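Just so we're clear, the structure is a prediction, and the values are computed from it rather than from any experiment. A note on names: the letters A, B, ... follow the listed sequences, proteins ahead of strands, and every chain is numbered from 1.
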2 protein chains.
Amino acid sequence: MSVTDRRLTRRGEATRARIVETAAGLIYAHGVARTNNEAVRSAAGVSGSQLSHYFPDKESLLRAVLRWRADAMMGLHQTPPQGPPDSIAALRSWADSNLTDETVRDGGCSFGSLAAEVMKSGLDLNDEIAGGFDRWKAQLREGLTAMRAAGVLRPDADLEHLAYVLMAAFQGGMLLSQGARDVTPLRNALYGAIAYVETFGNA
Amino acid sequence: MSVTDRRLTRRGEATRARIVETAAGLIYAHGVARTNNEAVRSAAGVSGSQLSHYFPDKESLLRAVLRWRADAMMGLHQTPPQGPPDSIAALRSWADSNLTDETVRDGGCSFGSLAAEVMKSGLDLNDEIAGGFDRWKAQLREGLTAMRAAGVLRPDADLEHLAYVLMAAFQGGMLLSQGARDVTPLRNALYGAIAYVETFGNA
DNA sequence: AGATAACTGGGCTGTCAAGCCCAGTTACGG
DNA sequence: CCGTAACTGGGCTTGACAGCCCAGTTATCT
């Protein structure tokens with residue numbers, strides 16, 4: 001994992017972070033294959049030497065981007081100020097906040113579409129992808145657990161199952177919506193998944 | 001679209017088809033980015049001239065592959081001998097037939113994962129992708145329509161909505177399962193989606 | 001039989017990108 | 001203030017791959 005874990009001064013860490021964020025943005029917009037070192041370099045305002053200093057090869061940079069994206073996803077997928085969606089209403093507002101035209105047209109799920117491309121790239125980054133999805137699942141389960149504790153969901157509701165359903169609806173909906181350049185598929189997928197969660201409710 | 005629509009003899013069409021199928025196989029296994037002309041050429045047992053004869057550039061070949069994959073998907077996603085799944089049982093057996101370890105490890109959905117990669121490639125193939133998903137949706141709706149006609153689903157069930165839910169569950173589940181190298185996410189996504197369809201039943 | 005499609009098997013050019021080396025300057029931390 | 005990290009800005013090699021041109025042979029259709 002690069003030179004990272006060595007002694008990095010505050011300045012060094014800032015530069016490294018700037019590189020990662022810049023790369024993440026470019027990759028989101030244009031994909032991995034069409035994002036080369038030079039583009040990252042110039043967009044981040046960094047010389048080539050620095051890029052290869054922090055990230056000796058493309059795989060190490062991609063690993064950092066993947067992790068950064070996963071972190072960002074954790075922050076993104078929570079509607080209540082603190083923590084993941086913990087009520088049907090919160091789930092709905094979570095869904096709606098992702099039903100924007102920009103999200104759909106600009107590249108889908110910032111983590112999922114990247115993961116899809118990386119998985120086909122032959123690079124050894126599957127652990128990072130699996131880890132990201134796992135963390136996301138854990139966060140969703142957290143919210144679902146709160147819902148069950150609050151009596152919104154029945155005690156016998158399978159939270160792991162519901163978390164999978166929500167994630168798949170999100171990722172699949174994003175893919176379909178990207179293809180159709182229209183939020184309709186994503187909306188249907190998310191609303192359907194949430195309605196399914198509701199069938200495990202105490203209503 | 002290439003030289004295709006010109007007069008193609010039987011032999012010519014056979015060769016063209018062989019190229020497309022070979023390319024589809026290689027791309028499924030290794031992704032678009034890591035499948036070059038030479039690999040297709042040699043695997044299909046065809047000289048370079050022929051490859052560029054039928055497909056002057058990579059985009060035209062990819063377009064043909066995309067269409068071929070969509071056709072294949074139509075054939076694949078139907079459990080009853082003729083036609084798409086038209087009962088809950090048929091949906092279940094459709095799901096199960098896709099829950100194999102190989103499918104998950106070898107590259108996910110043959111159309112969906114290709115579509116994801118192509119969308120990020122910058123090539124102008126979005127129409128082909130949207131068309132493929134549309135045809136798939138139409139086929140799923142066909143089965144759902146039969147189910148409604150047979151009284152399995154209530155008259156007020158929104159079939160378009162259900163088709164979207166099934167498709168998204170499939171695609172999203174495939175993506176998650178590929179990342180985890182495990183069919184569990186896909187199984188949960190599909191079973192959940194089918195259970196959701198059942199909530200619109202006349203039971 | 002004549003035209004055209006199908007096909008071989010090279011080779012060549014341009015382009016793009018990754019990884020690497022180097023010689024030097026500037027900032028920071030103990 | 002000394003050592004090391006941070007940084008500039010080149011240049012260079014190597015490899016991969018797409019698209020193209022060419023000179024010729026074989027099959028197919030009418």
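- Sorted by first and then second residue, the side chain to side chain donor-acceptor pair (under 3.5 Å) pairs involving residues 113-122 of chain A (not counting sequence neighbours) form an empty list.
- Between C:dC7 and B:Y54, a contact under 4.0 Å exists linking OP1 or OP2 to a side-chain N or O.
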#### Entry: Annotated protein contacts, base or backbone, on nucleotides 17-30 of chain D with a non-hydrogen cut-off under 4.0 Å, one of B, S, - each
SSS-------SS--
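- Taking the ring-ring contact (aromatic ring centres under 6.0 Å, His included) definition, one finds that A:F111 meets it with A:F133, sequence neighbours left out.
- A:F55 has its CZ atom 16 Å from the C1' atom of C:dA18, to the nearest Å.
- With B:R187 as the fixed residue, the side-chain contact (heavy atoms from CB on, under 4.5 Å) test singles out one of B:V104, B:D96, B:L99: B:L99.
- A cation-pi arrangement is not found for A:R18 relative to A:Y54, the charged atom failing to lie both closer than 6.0 Å to the ring centre and inside a 45° cone about the ring normal.
- End-to-end axis angle for the helix from C:dA1-D:dT30 to C:dG30-D:dC1, using five pairs per end and rounding to 10°, comes out at 40°.
- In this entry the distance linking NE2 of A:H53 with C1' of C:dC20 reads 15 Å, nearest Å.
- Screening residues 137-150 of chain B for side chain to side chain donor-acceptor pair (under 3.5 Å), with sequence neighbours left out, gives B:K137-B:E160, B:K137-B:Y164, B:R141-B:E160.
- A salt bridge links A:R92 with A:E198: at least one charged nitrogen is closer than 4.0 Å to a carboxylate oxygen.
- Whole-Å rounding puts the A:R41 CZ to C:dA17 P distance at 13 Å.
- B:D57 is linked by a side-chain hydrogen bond (donor to acceptor under 3.5 Å, both in side chains) to B:S60, counting only residues two or more places apart in sequence or in another chain.
- Look at A:Q50 and you'll find a side-chain N or O under 4.0 angstrom from OP1 or OP2 of D:dC7.
- The CG-P distance, from B:L51 to C:dC7, rounds to 12 Å in whole Å.
- Ring planes of B:W94 and B:F170: parallel class, angle under 30° (limits at 30 and 60°).
- A straight line from CD of A:E13 to P of D:dC7 spans 12 Å, rounded to a whole angstrom.
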